[in-house]
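Convention: sequence-line order gives letters A, B, ...; per-chain numbering from 1.
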Number of protein chains: 2
Amino acid sequence: MQRKSKNADNKTKPSVPARTAGGPRYQQIADDLLAKLRDGTHPVGSMLPTEVELSGQYSVSRYTVREALRLLEAMGLVDRRQGAGTTVNASDPDERFVQEMTSVDELLQYPENTRLYVISAKYVEAGEALAERLGCTPGETWQQIDTVRRVTATAAPICTTTIFVRSEYGAILDDIGTVPEPVYAQVQKRFDLQLARVGIDLSAGPVGEGRAELLEVEPHAPALLIMRRYLDPKGRIFEVSESCHPAARFTYRLTLRRTGRTED
Amino acid sequence: MQRKSKNADNKTKPSVPARTAGGPRYQQIADDLLAKLRDGTHPVGSMLPTEVELSGQYSVSRYTVREALRLLEAMGLVDRRQGAGTTVNASDPDERFVQEMTSVDELLQYPENTRLYVISAKYVEAGEALAERLGCTPGETWQQIDTVRRVTATAAPICTTTIFVRSEYGAILDDIGTVPEPVYAQVQKRFDLQLARVGIDLSAGPVGEGRAELLEVEPHAPALLIMRRYLDPKGRIFEVSESCHPAARFTYRLTLRRTGRTED
DNA sequence: TAGTGGTCTAGACCACTGA
DNA sequence: CAGTGGTCTAGACCACTAC
């Protein structure tokens, strides 16, 4: 009815379209549904009415209902499954923080004026401890590549990085250091892999015995330890890197911004 | 035409719907347009054909074209402006990584079975060094609250956290430790602030003199240092916290997943 | 004012889920 | 197999932009 009045009346007397109050109809419906999620009309875990039912309740077409649900879905409030229905995920828009970066480089790789130098490389068979770190089954063979990263201008290295790649990608060793590209990207290209996810563990610890000399710090000095696991779309890890940054030589900075709020 | 055949022919001979190859029609169209962005048919900065033109070219309804454009828009490849048209933003989907968390808690706050204990609190005037850390002008007064966080069950504290809030929010001190909520959330509620962004610095360093005892570790032991700056929508910092996690007692884990790819 | 994208309808078939 | 969400059509009016 409201809809009708908008389309019909506007022809003769636009005055103030219903739209100005509350935005498009689907937005209004999304707001209304959101209110019903908050007040418990549709508790978390329950099913929302079907799209056809909702279009009846609001006297709108199914399209309009779907646009409203699309908004709720984008806010993470509902799940829609073909054939199954729409279920309530949460009663309130998440205070969801999103970090976006143009590329992984910006996250945990390094400026372009740094270079990676290979110290040594060898094939290793994963024992239990290593297998756990690599997320593989014990007995698999991986290529282990020990490197340091240096700012081209400066003497002191930024960090040491030990890179593990599955043995079938071990040939990537030849490419490391030849281009300023991250190793994961080189592996990706050369072996036609797809990078789907990166798992990152950040912790602190002492600089290891062997590395202190390379890094020109005392042994056991505090260091930031970053472990990165690169996964293909199937969830298989194809590369793992472990970096060790002497304290005060590296700060990892990120900014999160809030999304998923109706006020946005 | 292809479309036609699907809807019409399927009635009599569904066999293998055109859908199975390449997904829904709008997806195919998005893929085709994407290819045309890549090969320069539609250079960056140029206008895409209008929706009506595209629906003619592909022999589909405008709805289908719009779904396709919606995909491209979500990938950041095109901009759509009512009345103006659709412009090309980029020729290739970003390799963009996104970290999502349900809440800031999941990022850098702590499980529910931990509690924050206030050690001491005082008002301080920001000197130059502190002012820089707090992102304010020297001379401002802030409330400084020193705390430790403990797992309720265990003896050893997880970390020490020094919290700075602007003096006008200093009264928040009364609330700390009373509820399991993060301090920033308490400030937000009590003073009706909006949290818009969080800046995070991660680094490693030695545990400070005074804190070693609290944390039950030797002085200068390696620690993970986390500094968080909470900003309101205007970019004003209203809270800063500095946490010190003894090594091996804390790992910060995050997962990034790739978005903006057609393959997803 | 012409033309664009934004919203909306009414109706249809399809793919999938679950009983 | 009934019912759900997913896709799609054909057509309409609106809000906005640019000329």
Checklist entry - Which of the following nucleotides, dT17(D), dC8(C), dG6(C), is nearest to the side chain of Ala84(B)? => result dT17(D)
Checklist outcome for this item: Note: contacts of residues 44-56 of chain A with DNA chain C (heavy atom, under 4.0 Å) are none
Checklist entry - Does the side chain of Glu140(B) pick up a donor-acceptor pair with the side chain of Thr137(B) at under 3.5 Å? => result yes
Checklist outcome for this item: Whole-Å distance, Asp79(B) CG to dT4(C) C1', equals 15 Å
Item to check | Single hit among Tyr169(A), Phe164(A), Tyr184(A) for ring-ring contact (aromatic ring centres under 6.0 Å, His included) with Tyr230(A) | outcome: Tyr184(A)
Checklist entry - Should Thr86(A) be listed as having a side-chain N or O under 4.0 Å from OP1 or OP2 of dT4(D)? => result no
Checklist entry - Among side-chain atoms of Thr161(A) and Ser243(A), is any donor-acceptor pair under 3.5 angstrom? => result yes
Checklist entry - With distance as the sole criterion, is a donor-acceptor pair present between the side chains of Gln28(A) and Asp32(A) under 3.5 Å? => result no
Next on the checklist: Tell me whether the count of non-hydrogen atoms from other residues, nucleotides or ligands lying under 6.0 Å of CD in Glu168(A) goes above 12.
Outcome noted: yes
Checklist entry - Within less than 4.0 Å of OP1 or OP2 of dG18(C), is there a side-chain N or O belonging to Arg81(A)? => result yes
Checklist outcome for this item: Separation of dC8(D) atom P from Arg25(B) atom CZ, nearest Å, is 8 Å
Checklist entry - What's the closest nucleotide to the Tyr26(B) side chain, out of dT7(D), dG6(C), dT7(C)? => result dT7(D)
Checklist entry - Under 4.0 Å between a Lys/Arg side-chain N and an Asp/Glu carboxylate O for Glu67(B) and Arg25(B)? => result no
Item to check | Toward the 5' end of DNA chain C, by each residue's nearest nucleotide, Gly83(A) or Arg62(B) | outcome: Arg62(B)
Checklist entry - Quick one: Arg66(B) CZ to dT9(D) P, roughly how many Å, whole number? => result 14 Å
Checklist entry - Whole Å only: how far is the OH atom of Tyr58(B) from the P atom of dT7(D)? => result 18 Å
Item to check | Candidates dT9(C), dT9(D), dT17(C) - which lies nearest the side chain of Val60(A) | outcome: dT9(C)
Checklist entry - Are any side-chain N or O atoms of Gln186(B) and backbone N or O atoms of Glu181(B), one a donor and one an acceptor, separated by less than 3.5 Å? => result yes
Checklist entry - For Tyr63(A) and dA10(D), what is the distance between atoms OH and P respectively, to the nearest whole Å? => result 17 Å
Checklist outcome for this item: note: Arg80(A), atom CZ; dT17(C), atom P; distance rounded to Å ~ 16 Å
Checklist entry - Ile29(A) CD1 to dT7(C) C1': how many Å, rounded? => result 12 Å
Next on the checklist: Whole angstroms only, please: what is the CD-P distance between Gln28(B) and dC8(D)?
Outcome noted: 8 Å
Item to check | N or O in side chain of Ser61(A) less than 4.0 angstrom from dG11(C) OP1/OP2 | outcome: no
Checklist entry - So does Gln82(B) reach the base of dG5(C) with its side chain, donor to acceptor, closer than 3.5 Å? => result yes
